[in-house]
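See below for the structure under consideration.
In what follows, chains are A, B, ... by sequence order, proteins preceding strands, each numbered from 1.
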2 protein chains.
Amino acid sequence: MKVLTKKTDYAIRALLTLAANSGRYVSAKTISEGQDIPYQFLRGLLQELIRLELIVSKEGSQGGVMISRNPDEISVKQLIEGFQGKVQVSECMFRRQICANRAKCVLRHEIMRIEQVVNAEFEKITIGSLLRNLDAIQGHIQPAV
Amino acid sequence: MKVLTKKTDYAIRALLTLAANSGRYVSAKTISEGQDIPYQFLRGLLQELIRLELIVSKEGSQGGVMISRNPDEISVKQLIEGFQGKVQVSECMFRRQICANRAKCVLRHEIMRIEQVVNAEFEKITIGSLLRNLDAIQGHIQPAV
DNA sequence: ATAACTGATACTATATTAATATCAGTTAAA
DNA sequence: TTTAACTGATATTAATATAGTATCAGTTAT
Ligand code: FES
Ligand code: FES
């Protein structure tokens with residue numbers, strides 16, 4: 001049981017590369033090769049990131065994508081929601097009117113609490129914090145090119 | 001993004017019925033109808049619960065399945081692990097030796113912490129606790145037949 | 001004997017995720 | 001002014017996981 005799909009994982013890694021190269025346009029090809037993400041898959045994903053307004057693009061030769069937000073304001077939670085939808089533990093555990101009074105259902109509350117904890121934790125993790133951690137370890141994410 | 005699959009959800013509900021009928025054999029048909037779980041799907045699932053040693057069965061007429069553990073000792077965590085595998089936030093976020101020193105990787109630790117929180121929460125929720133909550137609400141889960 | 005059951009297993013359908021492919025249009029620079 | 005390096009947009013396929021169905025053999029209470 002995995003919580004992050006490959007797409008979200010790829011998005012995080014692409015954004016890390018972009019955060020390490022802010023102010024510069026980096027091509028999909030460069031990111032693809034640097035992070036070992038399938039090229040066309042990455043391209044689609046980058047277009048989604050553009051729609052999410054986390055990056056901007058420049059067409060043509062020497063073009064590419066560039067991060068357009070403060071990396072500290074891009075949380076893993078946002079990315080999960082953008083690519084996988086809200087964290088949802090389950091639908092109503094007891095369907096068909098079993099819990100007539102959904103609003104007061106203790107179970108639901110219990111389970112929604114877990115969702116909140118997970119969300120809160122993923123909110124704390126940002127592209128910025130990840131990048132700093134990586135830098136602290138060994139300065140991995142090299143400026144591309 | 002859902003955390004519990006239908007199978008796990010069904011298993012929880014089947015076990016609640018069985019917990020409310022402990023000491024008695026309840027047929028798959030009765031559970032299926034009572035909880036609105038597809039019959040054959042439920043049958044397979046019950047066989048898995050038998051292998052997990054959470055229930056026992058009796059063949060033949062008047063047969064069925066019966067819970068064989070203290071409901072307080074059956075946690076949702078166990079069920080998730082039995083049906084969906086361990087909670088795993090992602091594989092190593094940075095593949096191919098990027099983090100040369102996996103053991104000390106801050107990211108991994110961060111992410112593993114979330115996994116632990118989730119697991120700890122699901123461990124607290126047991127068939128017993130769920131059943132008591134339901135009873136407290138309105139005594140839903142009627143003894144079957 | 002028969003109806004009500006489980007054991008075991010094979011199969012199909014559906015949905016989600018992952019990956020590829022194609023072609024049109026933009027831009028920098030030789 | 002042509003060309004190579006790019007993105008935009010979209011269609012298609014492949015792989016995998018989840019959900020649901022079907023069948024037949026064997027067991028047991030009545
Ligand atoms: S779990 Fe759905 S209302 Fe209680
Ligand atoms: S995330 Fe894999 S070792 Fe750091």
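Between the P atom of D/dT10 and the CD atom of A/Gln40 lies a distance of 15 Å, rounded to the nearest Å. Atom NZ in B/Lys6 sits about 10 Å away from atom P in C/dT16, given to the nearest Å. If you take CD1 of B/Ile31 and P of C/dA4, they are 18 Å apart, rounded to a whole angstrom. What separates CG of B/Leu49 from P of C/dT6 is a distance of 13 Å, to the nearest Å. Between the CZ atom of A/Arg13 and the C1' atom of C/dA18 there is a distance of 14 Å, given to the nearest Å. Summarising the geometry, the separation between CG on B/Asp9 and C1' on D/dT18 is reported as 13 Å, rounded to the nearest angstrom. Rounded to a whole Å, the CZ atom of B/Phe41 is 18 Å from the C1' atom of C/dG7. For B/Leu4 and D/dA19, the CG to C1' distance is 16 Å, given to the nearest whole Å.
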What verdict does the side-chain contact (heavy atoms from CB on, under 4.5 Å) test give for A/Leu15 and A/Ile55, after you've listed the backbone C-alpha separation in whole Å, the side-chain angles of each residue and the deciding distance to 0.1 Å? CA-CA 9 Å; A/Leu15 285 168; A/Ile55 65 177; 3.8 Å; yes

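Under 4.0 angstrom from either OP1 or OP2 of C/dG7 there lies at least one side-chain N or O belonging to B/Gln47. For the pair A/Tyr10 and C/dA19, the criterion of a side-chain N or O lying under 4.0 Å from OP1 or OP2 is met. Put simply, B/Ser57 has a side-chain N or O that comes within less than 4.0 Å of OP1 or OP2 on C/dG7. Contact check, B/Tyr25 against D/dT28: no side-chain N or O comes under 4.0 Å of OP1 or OP2.
Between A/Lys58 and A/Lys7, the one whose closest nucleotide on DNA chain C sits nearer the 5' end is A/Lys7. Comparing B/Gly64 and A/Thr8 by the nucleotide of DNA chain C whose heavy atom lies nearest to each, the residue mapping closer to the 5' end is B/Gly64. For the pair A/Ser61 and B/Tyr39, nearest-nucleotide mapping onto DNA chain D gives the more 5' position to A/Ser61.
Comparing D/dT21, C/dA19, C/dG7 against the side chain of A/Pro38 picks out C/dA19 as the nearest. The B/Glu59 side chain lies nearest to C/dT6 when the options are D/dG8, D/dA29, C/dT6.
If you check every strand for non-hydrogen atoms under 4.0 Å, A/Leu46 touches nothing.
Following chains of ILVMFWY side-chain contacts shorter than 4.5 Å, one can reach A/Leu54 starting from A/Ile50, so the two form part of one hydrophobic cluster. The hydrophobic clustering, which links ILVMFWY residues whose side-chain heavy atoms are closer than 4.5 Å, places B/Leu131 and B/Met66 apart. B/Ile80 is not connected to B/Val117 by any chain of hydrophobic side-chain contacts under 4.5 Å among Ile, Leu, Val, Met, Phe, Trp and Tyr, and they are in different clusters. B/Tyr25 and B/Val65 fall into different hydrophobic clusters, where Ile, Leu, Val, Met, Phe, Trp and Tyr residues are linked whenever their side-chain heavy atoms come under 4.5 Å apart, directly or through other members.
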